[in-house]
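See structure below.
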Amino acid sequence: MSPNDAQKLLADVEAFCQEIRPVEELCYVEHRFNDQVVPLAKKHDILGMIVPPELGGRGADTVTYAKALARIGREGTGVRTFFSGHTSIGEYPILTWGSDTLKRKYLPAACRGEKVLAFGLTEPEAGSNPLEMQSTYERRGDKFVLNGVKYLISNGGIADAIVTFAYPTSGPKRVSAFVIDTKAPGFNSETLLAKMGMPTSNTAMYEMSNLEIPAENLLGDEGNGFRIAMGTLVSGRISVAAGCLGVIEDCLTESINYAKERQQHGKPIAKHQLVQEHIAMIEQDRVASEAMVHRAALAKDALAADPANTDKAVQADMAAAQAKLFVANAAWDAADRAVQIMGGRGWSTLYRPGRHLQDVRVCRIYEGTDEILRLKIAAHVLGGREWEAFK
Ligand SMILES: Cc1cc2nc3c(=O)[nH]c(=O)nc-3n(C[C@H](O)[C@H](O)[C@H](O)COP(=O)(O)OP(=O)(O)OC[C@H]3O[C@@H](n4cnc5c(N)ncnc54)[C@H](O)[C@@H]3O)c2cc1C
């Protein structure tokens, strides 16, 4: 992407963020889904940031896309999670592993906002270990028939098409990936409302009961689904890390403004040393996180330029896991400190830090829990797959 195109994209993202802010604040306080994210993202042409222009998108490299997601992350983890679901783990696998037919069928429409996308890997009995999934598929003539339940899926209740994973009912037990249409008979979703945060974003479970899809909707080669899922998580984890960087930036801004304004014991609380400690630590969270996100984005772009290079694949995978683990925890720390700086007001969803604290907690769970990522990093530095603790 040229510097001019990158600048234009980031300006469009900025305009989107300014427009979405009051809507998101109102929806959050009223505890309801923000149905303006898609229309406003469409208006500012940011629904296909990573998709090449010939397929209707903006053609952003990962470094630019991460900057865009960091900016969006300031508006809340719920807003950013929409983009992760639609773009980082929705458009990305279709773009990377899809046939030309599949790309043309879904990506231009996704960029235009006519098709919202999602990624369905998790099931009620298969979270950290997706290989324990129970969803199945069967080939019948020129169709695949899918059965199963997917759980905790971002955008799952608003998506038009979902990248979905299942085992065959017969033959070698290897996961395959598909793109399913949610308007097809046999698809039913239920939005999950009992959440600790992100009330403005959609999280759903869905059931596939003899759901038929055309054979062309197989994503990548049959039996290659697990590789596709893991490859997609590299993209997804960078999006989470970038969004969390935005959360930290917003917490820092809010903390500085409030601490300079609020007076106690005869002076702005920003002049109290213990309040300054919180501000210093949020700034530390910010600079370290920015470096981790940038490192991961560079590694991913290096792999994109040389996709067959296995060393670069490992580096990108590790850098994304390290960034996601570090920045999600740094954002949790930053939001907690920002709440503390604001005292009683901080512990309220009327203010941004309280909302960030509630929302950002999930970033230590989805796209690989803290524990799973620590195990992954440890196995890598110990010497590779033979050191995986969960073998
Ligand atoms: C809001 C939200 C949105 C989500 N969006 C999506 C989405 O879009 N698509 C999707 O596919 N999924 C999504 N998920 C699911 C998410 O990825 C899973 O919740 C996550 O992978 C953890 O799985 P689990 O909840 O089943 O927990 P479990 O796997 O049951 O883990 C429970 C605990 O055990 C720990 N644990 C498990 N195995 C080990 C081990 N070997 N060693 C040490 N500790 C271990 C875990 O770290 C965790 O602390 C979403 C979840 C949430 C909450």
Side-chain angles (χ1 to χ4, degrees), residues 33-34 76-94 116-135 148-159 161-166 175 177-180 182 189-208 219 225-226 228-237 239-241 243-244 320-321 324-325 328-329 332 355-356 358-379 385 387-391:
F33 174 66
N34 185 347
T77 298
V79 181
R80 194 271 308 152
T81 294
F82 166 80
F83 287 92
S84 293
H86 178 74
T87 304
S88 308
I89 56 178
E91 292 171 336
Y92 178 78
I94 299 175
V116 167
L117 303 181
F119 172 89
L121 181 65
T122 305
E123 298 188 359
E125 304 305 329
S128 296
N129 184 7
L131 289 171
E132 283 167 353
M133 75 175 68
Q134 295 169 3
S135 290
V149 175
K150 298 288 175 180
Y151 183 49
L152 288 167
I153 307 305
S154 303
N155 302 344
I158 59 166
I162 308 181
V163 174
T164 295
F165 300 85
V175 175
F178 305 89
V179 182
I180 63 165
T182 62
S189 71
E190 185 183 330
T191 293
L192 303 171
L193 297 171
K195 300 190 290 185
M196 273 175 62
M198 300 205 303
T200 62
S201 81
N202 180 270
T203 315
M205 62 191 293
Y206 62 86
E207 185 178 14
M208 302 172 286
L219 180 59
F226 189 66
I228 292 173
M230 293 304 109
T232 299
L233 288 181
V234 177
S235 166
R237 284 171 184 159
S239 78
V240 176
C244 287
K324 196 274 198 185
L325 174 64
N329 280 275
W332 172 247
R355 299 200 290 265
H356 283 310
Q358 286 197 148
D359 296 349
V360 86
R361 183 64 179 82
V362 78
C363 297
R364 295 178 49 202
I365 296 170
Y366 62 19
E367 307 250 9
T369 62
D370 281 0
E371 292 78 12
I372 293 299
L373 295 177
R374 286 188 187 121
L375 295 176
K376 183 180 172 74
I377 293 163
R385 295 204 64 181
W387 294 97
E388 280 178 0
F390 41 77
K391 268 200 160 162

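These values consider heavy atoms only, across backbone and side chains, with no hydrogens, waters or symmetry-generated copies. Atoms within a ligand are numbered from 1 in the order they appear, just like the ligands themselves.
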To check your reading of the model: name the closest protein heavy atom to [atom], its residue, and the distance in Å.
atom: atom 44 (N) of ligand 1; answer: Glu371 CB, 3.7 Å
atom: atom 2 (C) of ligand 1; answer: Tyr366 CD2, 3.6 Å
atom: atom 26 (O) of ligand 1; answer: Gly127 CA, 3.2 Å
atom: atom 4 (C) of ligand 1; answer: Leu152 O, 2.9 Å
atom: atom 41 (N) of ligand 1; answer: Phe390 CB, 3.7 Å
atom: atom 9 (N) of ligand 1; answer: Phe119 O, 2.8 Å
atom: atom 39 (C) of ligand 1; answer: Ile372 CD1, 3.8 Å
atom: atom 53 (C) of ligand 1; answer: Val362 CG2, 3.4 Å

Side chain, backbone, both or neither: [X] near ligand 1, heavy atoms under 4.0 Å:
X: Thr122; result: both
X: Thr369; result: side chain
X: Leu375; result: side chain
X: Glu367; result: backbone

* To do: Determine which pairs satisfy salt bridge (charged side-chain N to carboxylate O under 4.0 Å, His left out) with at least one residue from residues 198-208, sequence neighbours left out, and list them in order.
  => none
* Asked: Does an N or O anywhere in Ser128 fall below 3.5 Å from an N or O of ligand 1?
  -> yes
* Short N/O distance, under 3.5 Å, between Ala126 and ligand 1? -> no
* To do: List in chain and number order the residues that pass salt bridge (charged side-chain N to carboxylate O under 4.0 Å, His left out) with Arg361, two or more places apart in sequence or in another chain; answer none if no residue qualifies.
  => none
* Asked: Considering only heavy atoms of Ser154, which atoms of ligand 1 have at least one such atom less than 4.0 Å away?
  -> 3 (C), 4 (C), 5 (N), 6 (C), 7 (C), 8 (O)
* **Proximal ligand 1 atoms for Ile365, defined as those under 4.0 Å from one of its heavy atoms** => 19 (O), 20 (C)
* For ligand 1, is Met198 a contact, meaning one of its heavy atoms is under 4.0 Å away? -> yes
* Answer yes or no: does atom OH of Tyr151 have more than 12 heavy-atom neighbours from other residues, nucleotides or ligands under 6.0 Å? => no
* Report yes if the distance between the aromatic ring centroids of Phe178 and Phe165 is under 6.0 Å, otherwise no. => no
Check for a donor-acceptor pair, side chain of [X] on one end and backbone N or O of [Y] on the other, with a separation under 3.5 Å.
X: Thr164; Y: Ile162; result: yes
X: Asn34; Y: Thr200; result: no
X: Arg364; Y: Asn329; result: no
X: Lys376; Y: Glu388; result: no
X: Thr369; Y: Ile365; result: no
X: Glu123; Y: Ser135; result: yes
X: His86; Y: Val116; result: no

Specify whether the nearest protein heavy atom to [atom] is under 4.0 angstrom away.
atom: atom 32 (C) of ligand 1; value: no
atom: atom 35 (C) of ligand 1; value: no
atom: atom 50 (C) of ligand 1; value: yes

* Asked: Quick one: which of Leu152, Val362, Asp359, Thr203 gives a side chain to side chain contact (heavy atoms under 4.5 Å, CB included) with Lys195?
  -> Thr203
